[in-house]
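Shown next, in structure tokens, is the structure this report addresses.
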Amino acid sequence: MADKIATREAYGAALAEFGAKYENLVVLDADLAGATKTGVFAKAFPERFFDCGIAEGDMVTVAAGLSTTGLIPFASSFAMFLAGRAFEQIRNSVGYPHLNVKLGATHGGITVGEDGATHQCLEDFALMRTIPGMTVICPCDAVETRAAVEAAILHDGPVYLRFGRAATPVLFNKENYEFKLGKGIEIADGDDAAIIACGVMVDVALSARELLKSEGINARVIDMHTIKPIDEELVLKCAKETGAIVTAEEHNVIGGLGEAVCGVLSEKLPTPVLRVGTEDTFGRSGKVAPLMEMYGLTPQNIAEKVKAAIALKK
Amino acid sequence: MDTARVDQLKKIANGVRKDIVTQVYSASSGHPGGSLSIADVLTYLYFEKMNVKADDPKWEDRDRFVLSKGHASPALYAVLAAKGFFPKEELVKFRNIESFLQGHPDMKHTPGVDMSSGSLGMGISAACGMALGAKHQGKAYRVYSILGDGEIAEGQVWEAAMFSAHYKLDNLCVFVDRNGLQIDGETKKVMNSDPLDEKFAAFGWNVQVINGHDFDQIDKAIANAEACKGKPSVIIMDTVKGKGVSFMENNAGWHGAAPNAEQYAQAMADLAAND
Ligand SMILES: Cc1ncc(C[n+]2csc(CCOP(=O)(O)OP(=O)(O)O)c2C)c(N)n1
């Protein structure tokens with residue numbers, strides 16, 4: 001049984017680790033340092049941590065100002081309050097001047113659980129993808145999170161990183177894992193269909209692959225950690241080699257990974273694509289497992305869509 | 001201040017006003033009223049106070065300026081051109097599709113612009129970030145920003161006000177251009193912010209109220225701000241929107257309107273009379 005670590009935990013640990021390596025790294029939070037895990041960095045580097053109070057818009061633009069002085073600021077809050085509340089600050093004071101600000105958004109998606117709909121952000125990929133020049137990343141486990149944080153530090157320009165609240169399996173091995181911005185990873189092979197997933201849905205996709213195997217269907221699984229820029233080459237390769245695509249994300253089916261994949265394929269290689277995600281609805285309070293079931297984010301849901309996508313092949 | 005120097009600054013500011021009117025006239029669009037009201041303080045900042053290098057606009061130790069009320073870009077462009085950041089001939093291309101002089105300041109393409117702005121309420125936060133960055137890195141530069149008195153209705157301004165007092169950003173000096181007008185009319189009627197001095201004082205700021213068209217008062221207030229340690233400073237400037245152009249003065253209609261040829265000639269004649 002694999003270890004389970006929430007990607008937000010890995011985020012906090014990565015900030016503290018890389019704080020030692022990159023001296024111009026500074027971290028801002030809006031009174032959620034305990035939950036976003038930036039508190040781990042704050043403990044290690046108190047003089048490089050700035051709490052902004054519950055003022056996300058101000059925090060984002062302060063980070064923009066800090067970045068103009070040569071610092072690399074990570075600004076953190078829950079995805080809802082960062083991508084949502086501070087959308088226009090991100091768009092106008094970070095995106096438009098293409099500043100070197102990193103947005104570390106935790107508590108993305110339905111797996112926030114008991115806090116319910118107001119805190120379950122299912123729109124952030126859509127919001128962030130539409131900002132020109134913004135890089136959007138959603139790592140699937142702790143190992144990938146660590147590497148993604150360093151890649152964000154090394155990338156010159158704005159990056160939005162989405163992390164989860166719930167503990168999830170560690171899928172990769174730190175020793176041989178390599179993160180390349182904008183390059184998805186094929187983590188399981190198969191030629192009947194390809195499941196392109198991100199975040200917690202990568203693990204769910206791997207379980208779906210097992211279910212399908214017992215029915216004689218071989219599904220490939222792609223970990224598409226970078227949602228923007230989307231790895232076009234890999235999407236086209238999957239379409240060419242399997243002819244049927246299913247996308248899986250913990251996000252509204254509108255505007256997220258699924259639509260990014262559809263965008264590539266509809267223009268370059270029309271292929272059946274079915275999307276797994278929340279179906280244009282708000283979340284609700286509950287435990288993680290029953291929520292995933294209620295909102296159609298289970299291995300069974302993916303397996304069914306894979307079969308339906310295969311049936312659509314010409 | 002030395003009266004000869006005041007006379008020089010007045011002359012520069014009058015030239016800036018002419019360039020403001022010319023830009024808006026050339027573009028047939030833009031915001032003359034709120035640009036004219038800040039011509040004096042911007043002239044003072046760039047010609048008397050700020051440590052900047054026109055031939056090295058990104059010099060890392062320079063003083064910073066953020067035009068939080070970004071729609072007053074013609075005033076900033078006129079001062080930057082006068083200071084030599086870019087050729088004065090660029091000014092007539094203001095808002096033209098081929099120009100780097102965007103409707104609102106664009107730090108990526110305009111030499112001398114330290115922060116993109118235009119969406120009201122954000123500039124002051126960016127200035128806070130710059131001031132915090134200076135303190136964090138042990139840099140001596142100072143950060144200036146100008147807000148509109150309508151703009152301060154934005155909640156973000158008060159988030160930033162709390163932030164800068166909390167982090168004791170005494171290297172930050174913010175001006176409020178209290179010209180009393182915004183788009184929908186008198187600020188007092190649209191959304192009254194009085195008593196503004198008490199509000200900033202309650203937020204922990206060093207507060208001064210001056211006549212924003214008086215160079216001696218601007219000079220003294222900035223010196224006072226520099227001397228004040230442990231808190232940010234705000235200088236509330238009572239100003240006249242449209243200052244210097246007879247028919248634009250104190251008229252909300254000239255917030256975002258361009259003069260026609262006849263009005264342009266009249267405006268330039270009004271300003272020439274001040275030479
Ligand atoms: C967030 C935002 N809302 C609305 C506007 C449109 N707008 C441009 S200028 C202005 C009025 C500004 O009034 P004030 O701050 O008093 O500026 P001044 O009178 O000095 O020009 C408004 C509402 C904007 N630029 N940004």
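Just so it is clear, the structure is predicted and the values come from calculations on it, not from any experiment. Sequence lines set the chain letters: A, B, ... in the order given, protein chains first and strands last, and positions in each chain run from 1.
Remark: A:E23 CD is loosely packed, at most 12 non-hydrogen atoms of other residues, nucleotides or ligands lying under 6.0 Å away. Atom NZ of B:K83 has more than 12 heavy atoms from other residues, nucleotides or ligands within 6.0 Å. Within a 6.0 Å sphere centred on OH of A:Y22, heavy atoms belonging to other residues, nucleotides or ligands number more than 12. The 12-atom threshold is not exceeded at NZ of A:K180, counting heavy atoms of other residues, nucleotides or ligands nearer than 6.0 Å. Within a 6.0 Å radius of CD1 in A:I54, no more than 12 heavy atoms belonging to other residues, nucleotides or ligands are found. The neighbour count for A:K183 NZ, taken as heavy atoms of other residues, nucleotides or ligands under 6.0 Å away, is above 12. Taking a 6.0 Å sphere around CZ of A:R129, one finds it holds more than 12 heavy atoms contributed by other residues, nucleotides or ligands. Crowding of A:E233 atom CD: a count of heavy atoms from other residues, nucleotides or ligands under 6.0 Å not exceeding 12.
Contact check for A:T69 versus B:K139: no side-chain heavy atoms found under the 4.5 Å cut-off.
Contacts between A:V26 and chain B at a heavy-atom distance below 4.5 Å involve the side chain alone, from C-beta outward. Heavy atoms closer than 4.5 Å to chain B are found nowhere in A:L28, neither backbone nor side chain. A:A63 does not touch chain B: none of its heavy atoms, backbone or side chain, sits under 4.5 Å away.
Taken from NE2 in B:H166 to CG in A:D51, the straight-line distance is 7.0 Å, to the nearest 0.5 Å. Taken from CG in A:L66 to CD in B:Q137, the straight-line distance is 8.5 Å, to the nearest 0.5 Å. The structure places CG of A:N92 at 10.0 Å from OG of B:S117, a figure rounded to the nearest 0.5 Å. How far CD of B:E159 is from CE of A:M59: 10.0 Å, rounded to the nearest 0.5 Å. Taken to the nearest 0.5 Å, the CE atom of B:M107 stands 11.5 Å off from the NE2 atom of A:H98.
Residue-level contacts of residues 50-75 of chain B with chain A, in order of numbering, are B:R64; threshold 4.5 Å between heavy atoms.
Here the closest non-hydrogen pair linking B:S125 and A:T61 is CB-CB, 3.5 Å. Among all heavy-atom pairs drawn from A:A64 and B:M115, the shortest one is CB-CE, 4.2 Å. In plain terms, the two heavy atoms of A:D58 and B:Q156 that are nearest each other are CA-NE2, 3.7 Å. The minimum heavy-atom distance between B:H136 and A:E47, with the atom names listed, is CE1-O, 3.3 Å.
Interface remark: of the candidates B:S119, B:G121, B:A134, B:A131, B:S119 forms the most heavy-atom pairs closer than 4.5 Å to chain A.
Residues that satisfy the side chain to side chain contact (heavy atoms under 4.5 Å, CB included) test with B:I183, not counting sequence neighbours, are B:H255.
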